[in-house]
Number of protein chains: 2
Amino acid sequence: MTGGAEVPREASLDVIQRELTAFARRARAAAARVHPELPLVSYTLLAHIDGQRGCRATDLATHYLLDKSTVSRQVATLERLGLVERRPAPDDHRVQVLHPTEAGAEVLASAQTSRLAAYQERLRDWSADDLAQFAAYLLRYNTASPSGLPDSSPH
Amino acid sequence: MTGGAEVPREASLDVIQRELTAFARRARAAAARVHPELPLVSYTLLAHIDGQRGCRATDLATHYLLDKSTVSRQVATLERLGLVERRPAPDDHRVQVLHPTEAGAEVLASAQTSRLAAYQERLRDWSADDLAQFAAYLLRYNTASPSGLPDSSPH
DNA sequence: CCGGTTCAGTTGTATAGTACAACGGTTATG
DNA sequence: CATAACCGTTGTACTATACAACTGAACCGG
């Protein structure tokens with residue numbers, strides 16, 4: 001499988017396109033099955049908030065290419081669920097610094113555990129080496145400057 | 001980067017989980033940017049219909065893990081746009097065999113071209129070998145039996 | 001051949017996620 | 001200070017999706 005560069009670029013690109021799209025299509029459903037209580041996006045945002053140890057809504061929006069209104073509502077939902085709290089920044093009255101509540105941290109940990117378990121199960125047959133390389137490829141793909149896409153067009 | 005199996009499985013799984021999720025989050029927006037006229041799911045279904053040279057709605061549903069109602073509406077949309085046509089199967093009056101119209105084939109080809117171009121651009125720096133391997137990993141991931149996930153629960 | 005079951009697809013209803021546009025406060029800058 | 005830039009909310013609309021209830025068609029056992 002690691003053979004010698006015989007596959008034409010275009011064929012690989014086609015597969016990558018199709019498979020990434022296929023993954024995208026299924027991701028939400030899978031996420032919902034794994035942890036119905038915490039919707040995919042909320043989960044992701046909560047994880048980011050937690051990972052950053054406090055961040056602003058705008059940060060989330062730019063990081064995930066989401067509209068501010070989307071983030072605003074997602075955060076509102078998370079707050080309504082008691083998973084995050086907003087602390088007004090003392091220095092800048094416009095911004096709200098988001099932090100996970102204790103409950104939020106717990107829910108997040110639980111969700112992370114079960115999702116990790118699902119991946120663990122799914123990728124059971126993979127060697128550690130393949131896992132590492134697949135992860136590296138994904139990382140490389142995602143961190144590639146999004147300017148590679150015809151991003152532009154602010155509508 | 002292809003080094004010797006030093007990365008623990010769990011770390012890789014964590015990255016894979018996060019990066020696949022990140023990708024999923026952005027996929028739709030990216031697709032919309034690349035080809036606003038043909039929504040992501042419609043595009044995918046149209047591509048499948050085209051690739052299969054005629055298929056049933058149920059096939060789409062099972063293949064993509066979608067509810068039949070979802071497929072029904074998507075197909076209805078595609079039909080309304082004049083991109084697919086339904087031909088009642090002569091042998092079984094229940095099924096409708098879906099085929100792309102001429103317009104549908106054209107739109108599909110155009111969308112495929114521009115999406116491929118976007119990927120081409122984005123993955124410009126990748127060697128053919130890396131592309132082939134990334135594609136292989138994705139394929140392997142997606143074709144892994146979904147039974148690995150807590151699929152079950154017919155609700 | 002009739003009645004129950006299974007299968008294909010549609011429609012009603014509800015929900016998540018998202019965008020865009022318009023707005024209200026807040027801070028920064030000329 | 002006035003205007004611009006910025007942060008977040010809210011109104012509105014749309015896509016994608018699921019579940020449930022339903023219609024019609026086909027199959028199956030007696």
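Naming: A, B, ... by sequence-line order, numbering from 1 per chain.
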Self-check item: Heavy-atom pair with the smallest gap, counting every atom of B/His99 and B/Arg53
Solution: CE1-O, 3.9 Å
Quiz item: If every non-hydrogen atom of B/Ile49 is compared with every non-hydrogen atom of B/Leu98, which pair is closest and at what distance?
Solution: CG2-O, 3.5 Å
Practice problem: Return the nearest nucleotide to the side chain of A/Thr58; candidates are C/dA8, D/dC7, C/dT10. | Solution: D/dC7
Rounded to whole angstrom units, what separation is found between the [atom1] atom of [X] and the [atom2] atom of [N]?
X	N	atom1	atom2	result
A/Gln96	D/dC6	CD	P	18 Å
B/Asp67	C/dT11	CG	P	15 Å
B/Arg73	D/dT17	CZ	P	12 Å
A/Gln74	D/dT10	CD	P	15 Å
B/Leu66	C/dG9	CG	C1'	15 Å
A/Leu81	C/dA16	CG	P	10 Å
B/Leu65	D/dC19	CG	C1'	16 Å
B/Leu78	D/dT15	CG	C1'	13 Å

Quiz item: Do A/Ser69 and C/dC20 have a side chain to base donor-acceptor pair shorter than 3.5 Å?
Solution: yes
Quiz item: With no angle test and no hydrogens, is the base of C/dT10 tied to the side chain of B/Arg86 by a donor-acceptor pair under 3.5 Å?
Solution: no
Nearest 0.5 Å, what's the [atom1]-[atom2] distance between [X] and [Y]?
X	Y	atom1	atom2	value
B/Asp125	A/Arg140	CG	CZ	7.0 Å
B/Ser42	B/Leu81	OG	CG	7.0 Å
A/His63	A/Leu45	NE2	CG	10.0 Å

Self-check item: Residue closer to the 5' end of DNA chain C, A/Ser42 versus B/Val71 (nearest nucleotide)
Solution: B/Val71
Pick out the pairs of N or O atoms, protein on one side and nucleotides 22-30 of chain C on the other, that lie under 3.5 Å.
{"unit_1": "C/dT27", "atom_1": "OP1", "unit_2": "A/His93", "atom_2": "N", "d": "2.3"}

Quiz prompt | Contact check, side chains of B/Leu138 and A/Tyr137, non-hydrogen atoms, under 4.5 Å | solution = no
Exercise. Go through the side-chain N and O atoms of B/Asp67 and B/Ser69 and say whether any donor and acceptor fall under 3.5 Å apart.
Key: yes
Quiz item: Reckon B/Thr70 has a side-chain N or O less than 4.0 Å from the OP1 or OP2 of D/dT17?
Solution: no
Exercise. Could you tell me whether B/Arg56 contacts a base, only the sugar-phosphate backbone, or nothing, with contacts defined as non-hydrogen atoms closer than 4.0 Å?
Key: sugar-phosphate
